[in-house]
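These numbers come from the heavy atoms of this one structure, side chains and all, not from hydrogens, waters or symmetry mates. In what follows, chains are A, B, ... by sequence order, proteins preceding strands, each numbered from 1.
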Amino acid sequence: MEREVKTYVLKRPAEEAAPAKLSIDYAAALNPQQLAAVTAGDGPSLVIAGAGSGKTRTLIYRVAYLIDSGVDPSNILLLTFTRKSAQEMLERAGELIGARSRRVCGGTFHSVANLLLRRYGRGIGIEPGFTILDRGDAEDLIALCRAQLGLNEKDKRFPRKGTIMEMVSKSENTLKSLDEIILEEFSHFADHAEDLGRLQKAYQAAKRQKQLLDYDDLLVALRQLLLLDETARQTISSQYRYILVDEYQDTNRLQAEVIRQLTTAHNNVMVVGDDSQSIYAFRGATFKNIMDFPVLFPGTKIYKLEENYRSTQPILNLANCIIDEAAEKYTKRLFTRKIDGPLPALVEAAGENAQSRFIAQKILELREEGVPLSEVAVLFRSSFHSFDLEIELSRRGLPFVKRGGVKFIETAHVKDLLAHLRVLANPMDTVSWHRVLMLVEGVGPKKAQDLLAALVKSDKPSDVLRGASGRSGQGLKNLADTLESLSGAGEVRPAEQVNHIYEYYLPILKEQYDDYPKRTRDLDHLHTIAEGYPKVSDFLADLALEPPDGSAIDVDAPDRDDERLVLSTIHSAKGLEWQCVFVIWVVDGKFPSVYSFITDDELEEERRLFYVSVTRAKRHLFLTYPINVYDKTSGMLLSKPSRFLDHVSSDLLDTLALVEEGGRGDWGRDSY
DNA sequence: GGAAATTGCGTTTTT
DNA sequence: CGCAATTTCC
């Protein structure tokens with residue numbers, strides 16, 4: 001927007017000129033590199049887009065350009081990292097090209113897979129009514145399978161369910177065998193490789209039999225569908241004749257394969273990404289994916305966007321300096337025309353609370369200077385790093401939203417309530433049955449297993465429950481009554497179902513948690529969300545695929561979103577920008593985390609993560625760290641700023657130490 | 001035998 | 001704080 005409009009002229013050979021009546025002056029709105037990418041012809045293209053280089057803008061204009069040149073919007077598929085970003089992009093494209101952009105299909109790989117599998121999955125044995133398992137559900141199912149195989153009775157330490165899930169998931173996402181993954185990354189569990197293999201098989205069989213799909217299955221199954229069902233593949237790839245993929249550096253092999261399958265018919269695919277911002281290796285993503293793209297798609301044209309429109313030069317200098325140290329990088333040097341701006345600052349605080357108080361105070365100062373709260377973000381490596389700050393901000397009445405960390409949907413009580421809905425929607429969903437049954441007084445693992453076995457055989461669940469005797473008899477009868485009153489699940493609206501089950505569940509909630517008033521508010525929130533859905537199946541699928549972030553805390557001020565600052569994990573801050581960014585806990589051992597010290601690859605990923613955090617800032621950047629913090633897990637005393645700053649020369653970074661105020665040691669109040 | 005209560009321990013990042 | 005192993009209770 002700040003660009004000189006008249007500087008650029010469309011410099012393309014006449015025969016390549018776009019159709020005569022384009023409605024937008026692309027050359028005026030874009031720089032030459034962006035323009036080249038936006039107006040690229042058919043075939044595969046790769047856009048390497050540095051941080052803040054107008055990547056999103058380019059994609060938006062690309063969508064508009066395609067529509068403008070006569071492509072039917074419903075033939076365009078836009079794959080993004082979150083569904084929200086897809087929506088926002090299509091909205092902005094709509095401002096350029098009109099409401100037609102609404103007909104573009106946009107979403108995450110997972111949401112699109114969900115859609116396509118419900119429509120075409122029958123061909124590979126997937127019924128449209130399948131249930132999506134979120135991370136926690138999937139782990140619970142693994143625990144169930146493990147118990148059935150009797151694998152937890154071994155004396156040698158067997159990996160816990162979360163770890164097993166991690167291994168299995170990585171195997172799926174990297175298209176490697178489980179044995180390979182164990183060997184490469186979990187060698188300390190090599191003894192159990194055989195049992196883990198059996199467990200993986202059992203887990204997969206259980207899912208298939210019960211029509212349950214975890215996140216990875218959505219992609220795996222879509223790939224299967226495209227590979228095996230020729231008719232479906234033809235239909236799908238002629239439906240989506242232009243495919244655009246955002247954040248390609250964070251896709252994995254599996255996703256790359258899905259794209260390849262989707263595009264076999266037409267080869268029209270444009271992917272956009274930045275290898276320096278690849279931060280999802282733990283999910284099987286690799287920045288190499290971006291470099292392999294031309295191999296997977298022969299004839300790829302490559303475009304590079306290097307001009308940064310977001311940050312001032314001092315911030316870019318620091319960012320470039322950090323990424324220069326990276327072991328592997330692809331030459332790309334960001335520059336900007338925003339020369340002036342304050343130097344980024346490195347701030348040393350005595351302890352965690354001093355750090356929090358500094359940030360709160362600085363935010364107030366910035367507000368005086370005219371920087372609104374909505375233009376401020378505090379970023380951190382791990383979700384819990386902001387706990388102290390959250391308390392401090394609340395104390396001072398500074399409103400904030402938190403992104404990342406435990407979602408409200410993942411809290412036990414919300415999952416409990418939802419399990420009842422899911423049982424109604426899919427009576428084969430044994431994971432949810434198990435959860436529901438275990439909540440009943442007098443039911444433990446054994447009884448739950450027995451009931452489960454009977455339930456899957458019967459088509460009248462309530463009879464099975466009523467037939468049970470013993471201590472749990474009354475509880476199971478109540479459950480049966482509640483479920484029965486809601487059966488014919490299709491007809492009862494989600495919000496009403498939530499209400500009914502809420503009544504049944506409330507006594508259990510009160511029994512189980514001392515802090516139940518807080519939790520009932522979450523359930524009220526769930527009810528509000530449910531009101532937006534006419535169909536239970538959509539409600540459940542959406543909750544699994546795009547969980548609303550934050551907990552009930554931020555329901556208080558729903559319409560004053562612009563008045564709040566953002567606290568976010570760096571992962572959740574991807575693609576976003578603010579006038580002022582604080583990165584906290586920039587202390588060696590926290591960031592990079594001690595867990596990443598093991599391998600160089602992990603350390604390199606932490607560096608890229610740091611790079612991402614720094615490049616979120618437009619004008620003000622503060623890196624803060626407490627000194628002399630004892631880290632329980634590593635037993636280390638952390639007192640040195642992040643090693644990523646070791647090679648940063650002092651003229652790129654203002655180094656400050658907080659001084660005591662009023663001579664009473666206000667900044668140093670923390671005790672260790 | 002099986003459910004419930006208790007203790008000990010490890011704790012990133014997400015669709 | 002949540003998970004898994006352990007002890008206590010019915």
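Across the interface with DNA chain B, nearest-nucleotide mapping of A:Gly444 and A:Phe384 shows A:Gly444 to be the residue nearer the 5′ end. When each of A:Pro445 and A:Ala544 is assigned the nucleotide of DNA chain B with its nearest heavy atom, A:Pro445 is the one assigned upstream, toward the 5' end.
Between the side chains of A:Asn252 and A:Tyr280, not a single donor N or O lies within less than 3.5 Å of an accepting N or O.
Listed nucleotides: B:dT12, B:dT15, B:dA3. Nearest to the side chain of A:Lys446: B:dA3. Closest approach to the A:Ser382 side chain among B:dT13, B:dT11, B:dT15 is made by B:dT13 (side chain taken as heavy atoms from C-beta onward). In the set C:dA4, B:dA4, B:dT15, C:dA4 carries the atom at the smallest distance from any side-chain atom of A:Arg160. The side chain of A:Arg146 approaches C:dA4 more closely than any other nucleotide in the set C:dA4, B:dT15, B:dT14. Minimum atom distance to the side chain of A:Lys161 is reached by C:dC3, of the listed B:dA3, C:dC3, B:dT14. Of the candidates B:dT14, B:dT12, B:dT15, B:dT12 carries the atom nearest the A:Glu606 side chain, counting heavy atoms from C-beta on.
Cation-pi contact between A:Arg643 and A:Phe610: absent, since separation from the ring centre below 6.0 Å together with deviation from the ring axis within 45° is not met. Figure legend: A:Arg519 and A:Tyr513 shown as a cation-pi pair, the cationic atom lying under 6.0 angstrom from the six-membered ring centre and within 45 degrees of its axis. Note that A:Arg118 lies in the cation-pi zone of A:Phe130, set by a 6.0 Å cut-off to the ring centre and a 45° limit from the axis. For the pair A:Lys590 and A:Tyr625, the cation-pi criterion (under 6.0 Å, within 45° of the ring axis) is not fulfilled.
Note: CD1 (A:Ile279) to P (B:dT14) measures 9 Å, nearest angstrom. Taking atom OH of A:Tyr215 as the reference point, atom P of B:dT14 lies 12 Å away to the nearest angstrom. Straight-line distance from the CD atom of A:Glu410 to the P atom of B:dT15: 9 Å, rounded to whole Å. Atom CZ of A:Arg608 and atom C1' of B:dT13 are 13 Å apart (whole Å). Atom CD in A:Glu247 sits roughly 14 Å away from atom P in B:dT14 (whole-Å rounding). At whole-Å resolution of the value, NE2 in A:His413 and P in C:dC1 are 13 Å apart. If you measure from atom CG of A:Asp216 to atom P of B:dT14, you get 16 Å, rounded to the nearest angstrom. Distance CZ (A:Arg607) to P (B:dT13): 22 Å, rounded to an integer number of Å.
For the pair A:Ser383 and B:dT12, the criterion of a side-chain N or O lying under 4.0 Å from OP1 or OP2 is not met. The shortest distance between the side-chain N/O atoms of A:Thr82 and the OP1/OP2 oxygens of B:dT15 is not below 4.0 Å. Under 4.0 angstrom from either OP1 or OP2 of B:dT15 there lies at least one side-chain N or O belonging to A:Lys407.
Among the heavy atoms of the strands, none lies under 4.0 Å from A:Phe109. Nucleic acid contact for A:Ser593: none, since no nucleic acid atom lies under 4.0 Å from a heavy atom of the residue. Among the protein residues, A:Gly442 comes within range of the sugar-phosphate backbone only, with heavy atoms under 4.0 Å from sugar or phosphate atoms but none that close to a base. Using a 4.0 Å heavy-atom distance criterion, A:Ser596 is classed as making no nucleic acid contact.
The aromatic ring of A:Phe282 is stacked on the base of B:dT13, with the two ring centres less than 5.5 Å apart and the planes inclined by under 30°.
Between A:Tyr533 and A:Phe539, the ring planes are tilted. Angles from 30° to 60° get that label.
No hydrogens or angles were tested; on distance alone, nothing pairs the side chain of A:Arg135 with the base of B:dT15 as donor and acceptor under 3.5 Å.
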